[in-house]
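See structure below.
Proteins come first, then strands; the chains are lettered A, B, ... in the order of their sequence lines, and each starts at number 1.
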Protein chains: 2
Amino acid sequence: MPQTARRASSRPDSDVSGAVDDLQLTMGLSPTTVSRLPVYLRELELLSQAGVETISSTGLAEVVGVTPSQLRKDLSHLGSYGTRGVGYHIAGLQAQIGRELGTAHGWPVVIIGVGNLGRALAGYAGFSSRGFKIAALVDRDPAVIGTVVHGVEVSDLAELEVVIARTKATIAVLATPPAAAQSVVDRVVNQGVTSILTFAATVLAVPDGVIVRKVDLGQELQILAYYEQRKSEEVVR
Amino acid sequence: MPQTARRASSRPDSDVSGAVDDLQLTMGLSPTTVSRLPVYLRELELLSQAGVETISSTGLAEVVGVTPSQLRKDLSHLGSYGTRGVGYHIAGLQAQIGRELGTAHGWPVVIIGVGNLGRALAGYAGFSSRGFKIAALVDRDPAVIGTVVHGVEVSDLAELEVVIARTKATIAVLATPPAAAQSVVDRVVNQGVTSILTFAATVLAVPDGVIVRKVDLGQELQILAYYEQRKSEEVVR
DNA sequence: AGCTGTGAACCGTTTCACAGCC
DNA sequence: GGCTGTGAAACGGTTCACAGCT
């Protein structure tokens, strides 16, 4: 039985305890900043591949779609390496953001549910380039168990605990039907998983300290529909 | 050539113009409230199916995972039908939120890209129950064009403009490879689409008034990884 | 001259606390 | 007594504007 807990809160907001060590990782970034860093990183990679070496906050802001001040503020939190009068050194920034996001870790990820969605996720190219590896695929359907999908053999859902223990995965991706989601969450959390990305629409209960991010197609569409409806009403009045 | 424009901004924030008519739709809700309404609606449906007729803000807040005050504030913006001393009448609330989100419209949606992801989206059960219908599936691959997926025949990407005109879709879902995303966006926007849900990781440029919502697996995982990394560091210090 | 880094002002959202109604 | 609806306070995030470095 899962404890109470609601949505991902986390953020103990780091009390200022020990001395800041060397030129290492910065202190807690705001959630909004964290959510933008992957976007920055992606665009920096593209620029870097295109041979660009330096860029101003205005230039980068334009390509990532934020304001220059927002970008500067975000980067300043990383204690970043910009040069006044010049701009940011792309390679340096990339390294800094990559370090902050733990891109080098090769985090093992378990994907649960190997239907169309699970397959699509397993085939996602950016997986390894973004610092993750598919440690295991898990499904309940005997017809799927044992087959190899994108180079990984599908394990039996019954073995979930064993699989997580073996792979030491702490991140799980849920691509199961909604009805199965909560019970899978309970099992993975119990096995030490502390980060969950779910594609099931259900509200999930997890203990404190476990972070859940939810991607819900229906929710996204309904949000769009809300604004669509407002647009059409504007014409009426 | 797409105009400038960055992320979805929209929200003209409605100047208080005409008189408020009857007991109709409310004035602009905040984006954060809008994003929570679909979740409320979903849980209300479940409660309703379970035969519950009335619920307090505390009770509902618990199941949707927000604070009671947040819930009350959100619902108060809908001018909602709660009863002091009692709680909310579930059927009434459902109707009210459904109306606000335009659940009855049966919005036609075009899905572009019929790979594993596109198929998963097309097979999404909640599609019609949440007020949408798949107006068309579109792909570039000749091997896929003409096949029937979840009851809908796949059209040729070359016909995109015709398909949108015929179906009158104003919402498009992008499940294409990232490289194709911007060009598809330009075409659909040009054809009158004003809401886009994209699964491609690229930053999209759209004209003002077009709303883009992005779902990016890599981004989500990287956000989780950030917090994972912090957790493991905590042990160190 | 140019562009970053940042304190200060601003704005939107959440939380608090309680008045008002059933 | 119980629970909603809502002003007021608190919070967090974004934008502004400029000091400071190169």
Item to check | Closest to the B:P31 side chain, choosing from C:dT13, D:dG5, C:dT14 | outcome: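 Out of C:dT13, D:dG5, C:dT14, the nucleotide with an atom closest to B:P31's side chain is C:dT13.
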Checklist entry - Any idea which of D:dT4, C:dT4, C:dT15 is nearest the A:S56 side chain? => result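 Per side-chain heavy atoms of A:S56, the pick is C:dT4.
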Distance check needed: [N] [atom2] versus [X] [atom1], whole Å only.
X	N	atom1	atom2	answer
A:Y88	C:dG5	OH	C1'	7 Å
B:L78	D:dT4	CG	P	14 Å
A:Y81	C:dC3	OH	C1'	18 Å
A:I90	C:dT4	CD1	P	12 Å
B:H77	C:dT15	NE2	P	14 Å
B:Q70	C:dC16	CD	P	11 Å
B:E62	D:dC3	CD	P	13 Å
B:L71	C:dC16	CG	P	15 Å

Checklist entry - Can you give one letter per nucleotide of nucleotides 17-22 of chain C, 5' to 3': B if a protein heavy atom sits under 4.0 Å from the base, S if only from the sugar-phosphate, - if neither? => result B-BBBS
Please output the side-chain donor-acceptor pairs of residues 193-202 of chain B that fall under 3.5 Å, not counting sequence neighbours, one pair per line with the distance.
{"unit_1": "B:T194", "atom_1": "OG1", "unit_2": "A:E228", "atom_2": "OE1", "d": "3.3"}
{"unit_1": "B:T194", "atom_1": "OG1", "unit_2": "A:E228", "atom_2": "OE2", "d": "2.4"}
{"unit_1": "B:T194", "atom_1": "OG1", "unit_2": "A:K231", "atom_2": "NZ", "d": "3.3"}
{"unit_1": "B:S195", "atom_1": "OG", "unit_2": "A:E228", "atom_2": "OE2", "d": "2.6"}
{"unit_1": "B:T198", "atom_1": "OG1", "unit_2": "B:A200", "atom_2": "N", "d": "3.0"}

Next on the checklist: When you measure from the side-chain N and O atoms of B:T32 to the phosphate of C:dG12, is any distance below 4.0 Å, counting only OP1 and OP2?
Outcome noted: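 No.
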Item to check | Side-chain N or O of B:S57 closer than 4.0 Å to phosphate OP1/OP2 of D:dT4 | outcome: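 B:S57 to D:dT4 OP1/OP2: side-chain N or O found under 4.0 Å.
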Checklist entry - In terms of ring plane angle, is the pair A:Y124 and A:F127 parallel, tilted or perpendicular, where the classes change at 30° and 60°? => result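 If you compare the ring of A:Y124 with that of A:F127, the planes turn out perpendicular.
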Checklist entry - 5'-most contact on DNA chain D: B:K73 or B:T58, nearest heavy atom basis? => result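 That would be B:T58.
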Please identify each residue that fulfils side-chain contact (heavy atoms from CB on, under 4.5 Å) with [X], with sequence neighbours left out.
X	value
B:Q70	B:R36, B:Y40, B:V66, B:T67, B:D74
A:A175	A:L117, A:L121
B:T54	B:V86, B:H89
A:T58	A:S56, A:P68

Checklist entry - Would you say the side chains of A:Q94 and A:S48 form a donor-acceptor pair under 3.5 Å? => result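 A pair is found: one side chain offers a donor N or O, the other an acceptor, under 3.5 Å apart.
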Checklist entry - What salt bridge (charged side-chain N to carboxylate O under 4.0 Å, His left out) pairs are there with at least one residue in residues 41-57 of chain B, not counting sequence neighbours? => result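 Every pair satisfying salt bridge (charged side-chain N to carboxylate O under 4.0 Å, His left out) with a residue in residues 41-57 of chain B: B:E45-B:R130.
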Next on the checklist: When the axes are fitted on five pairs at both termini, how much does the helix from C:dA1-D:dT22 to C:dC22-D:dG1 curve, in 10° steps?
Outcome noted: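 Between the first-five-pair axis and the last-five-pair axis there is 0°.
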Item to check | Any residue meeting side chain to side chain donor-acceptor pair (under 3.5 Å) with B:Q191, in chain and number order, not counting sequence neighbours | outcome: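 For B:Q191 there are no side chain to side chain donor-acceptor pair (under 3.5 Å) partners, ignoring immediate neighbours.
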